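These notes concern the structure reproduced below.
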Amino acid sequence: MQQVTKNKDPWTIFSPFFKQVEAPAKTILLQEGKISKTMYFIEKGCLRTWVNNDGKEITTQFFFEGDSVSSIESFRTNQPSLYSIETIEPCVLQTITQKEFQRIVEQSPDIKKQFEEHLFKRLFQAQQLFFSYLKNSPQQRYEELLSQYPHIVQRVPQHYIASYLGITSVSLSRIRNRR
């Protein structure tokens, strides 16, 4: 359960540094192997992260309104990103540079704490997905997705969902038809 904070939007501290960007669907915001210099806050739209596996795109996560997105490992360490970030829908994004973000985090213990909590939540979600791949059948992974994140199924094209679940679009169609 999410904690309620006094300030409904803790990220307002960043607003003087935000630059609004509009991006059409299928826009690559960060290419795998490049260094992440920007963090994105989604005002409107949907993004995904994905890796290239011998020319095949494997979707790793989805992000929606209110989410923040960057290749956090790259953003914090200046190492090449392990994945790409791409818009799925037309998006309105608030962006902040690596330099401005770092300065604000260093000056605000509250923001630093919230950022750490955000990173822990992302790590936990990644672990859940990893263990789901190890333990569950594709049918079970799809059922989990439906129960935990129904908005993904409503907004994201089926081929991205199939990739995220580690199955083909044909297999996903069969699973969906069984329901």
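What you are looking at is a predicted structure, and each value in this text was computed from that prediction instead of being measured.
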Count I, L, V, M, F, W, Y as connected when their side-chain heavy atoms are under 4.5 Å apart, and connections chain through other members. Are [X] and [Y] then in the same cluster?
X      : Y      : result
Val21  : Phe75  : no
Leu30  : Trp50  : no
Ile161 : Tyr149 : yes
Ile175 : Tyr133 : yes
Ile152 : Tyr83  : no

[X] (side chain) donor-acceptor with [Y] (main chain) under 3.5 angstrom:
X      : Y      : value
Glu43  : Gln94  : no
Gln107 : Ile104 : no
Thr27  : Ala23  : no
Thr95  : Lys19  : yes
Thr87  : Pro90  : no
Ser68  : Phe41  : no
Asn53  : Lys56  : no

Item to complete: Could you give me the CA-CA distance, side-chain angles and deciding distance for Glu143 and Gln139, then say whether side chain to side chain donor-acceptor pair (under 3.5 Å) is met?
Response: CA-CA 6 Å; Glu143 296 293 336; Gln139 174 83 34; 2.9 Å; yes

Worksheet item: For Arg122, does the CZ atom have more than 12 heavy-atom neighbours from other residues, nucleotides or ligands under 6.0 Å away?
Response: yes

Item to complete: Show your reasoning for whether side chain to side chain donor-acceptor pair (under 3.5 Å) applies to Ser36 and Ser74.
Response: CA-CA 5 Å; Ser36 178; Ser74 175; 4.9 Å; no

Rounded to the nearest 0.5 Å, what separation is found between the [atom1] atom of [X] and the [atom2] atom of [Y]?
X      : Y      : atom1 : atom2 : value
Leu123 : His118 : CG    : NE2   : 11.5 Å
Gln61  : Asp67  : CD    : CG    : 9.0 Å
Glu57  : Ser84  : CD    : OG    : 8.0 Å
Leu134 : Leu129 : CG    : CG    : 10.0 Å
Ile28  : Ile85  : CD1   : CD1   : 10.0 Å
Met39  : Gln102 : CE    : CD    : 9.5 Å

Looking at every non-hydrogen atom in both residues, tell me the closest pair between [X] and [Y] and how far apart they are.
X      : Y      : value
Gly45  : Cys91  : CA-SG, 3.8 Å
Gln98  : Asn78  : NE2-OD1, 3.1 Å
Leu172 : Ala162 : CD2-N, 3.7 Å
Ala25  : Ile88  : CB-O, 3.3 Å

Worksheet entry | SB check Lys44 Glu65 (cutoff 4.0 Å) |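 No, no charged N to carboxylate O under 4.0 Å.
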
Discussion item. Run Glu117 and Lys113 through salt bridge (charged side-chain N to carboxylate O under 4.0 Å, His left out) and show every step you take.
Written reply: CA-CA 6 Å; Glu117 288 173 14; Lys113 185 174 190 269; 3.1 Å; yes

Practice prompt. Output every pair passing ring pair (Phe, Tyr, Trp, His ring centres under 6.0 Å) with a member in residues 157-177, not counting sequence neighbours, ordered by first then second residue.
Written response: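 Of all non-adjacent pairs touching residues 157-177, those that pass ring pair (Phe, Tyr, Trp, His ring centres under 6.0 Å) are Phe62-Tyr164.
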
Check whether any side-chain heavy atom of [X] lies under 4.5 Å from a side-chain heavy atom of [Y], and answer yes or no.
X      : Y      : answer
Leu47  : Ile42  : yes
Leu29  : Glu86  : no
Asn177 : Arg174 : no
Lys135 : Gln140 : no

Practice prompt. Decide side chain to side chain donor-acceptor pair (under 3.5 Å) for Ser81 and Glu73; before the verdict, give the C-alpha distance in whole Å, the side-chain angles of both, and the deciding distance to 0.1 Å.
Written response: CA-CA 7 Å; Ser81 176; Glu73 304 84 1; over 6 Å; no

Item to complete: Could you check Leu119 against Ile72 for side-chain contact (heavy atoms from CB on, under 4.5 Å), going step by step and ending with a plain yes or no?
Response: CA-CA 9 Å; Leu119 290 176; Ile72 199 64; 3.6 Å; yes

Discussion item. Which residues pass the ring-ring contact (aromatic ring centres under 6.0 Å, His included) test with Phe64, not counting sequence neighbours?
Written reply: His151

Worksheet item: Stepwise, does the side-chain contact (heavy atoms from CB on, under 4.5 Å) test hold for Thr38 with Ile96?
Response: CA-CA 6 Å; Thr38 306; Ile96 189 167; over 6 Å; no

Practice prompt. Apply side-chain contact (heavy atoms from CB on, under 4.5 Å) to the pair Gln20 and Val92, showing each step before the final yes or no.
Written response: CA-CA 7 Å; Gln20 183 173 299; Val92 177; 3.7 Å; yes

Discussion item. Which residue in the set Ile167, Asn136, Leu165 passes side-chain contact (heavy atoms from CB on, under 4.5 Å) when paired with Tyr142?
Written reply: Leu165

Item to complete: Evaluate side-chain contact (heavy atoms from CB on, under 4.5 Å) for Ile35 paired with Lys37, printing each intermediate quantity in order.
Response: CA-CA 6 Å; Ile35 295 173; Lys37 297 287 187 190; 3.9 Å; yes

Practice prompt. Determine, stepwise, if the pair Ser132 / Glu144 fulfils side chain to side chain donor-acceptor pair (under 3.5 Å).
Written response: CA-CA 9 Å; Ser132 180; Glu144 263 181 10; 3.0 Å; yes

Item to complete: Check whether the ring centres of Phe17 and Phe101 lie less than 6.0 Å apart, and answer yes or no.
Response: no

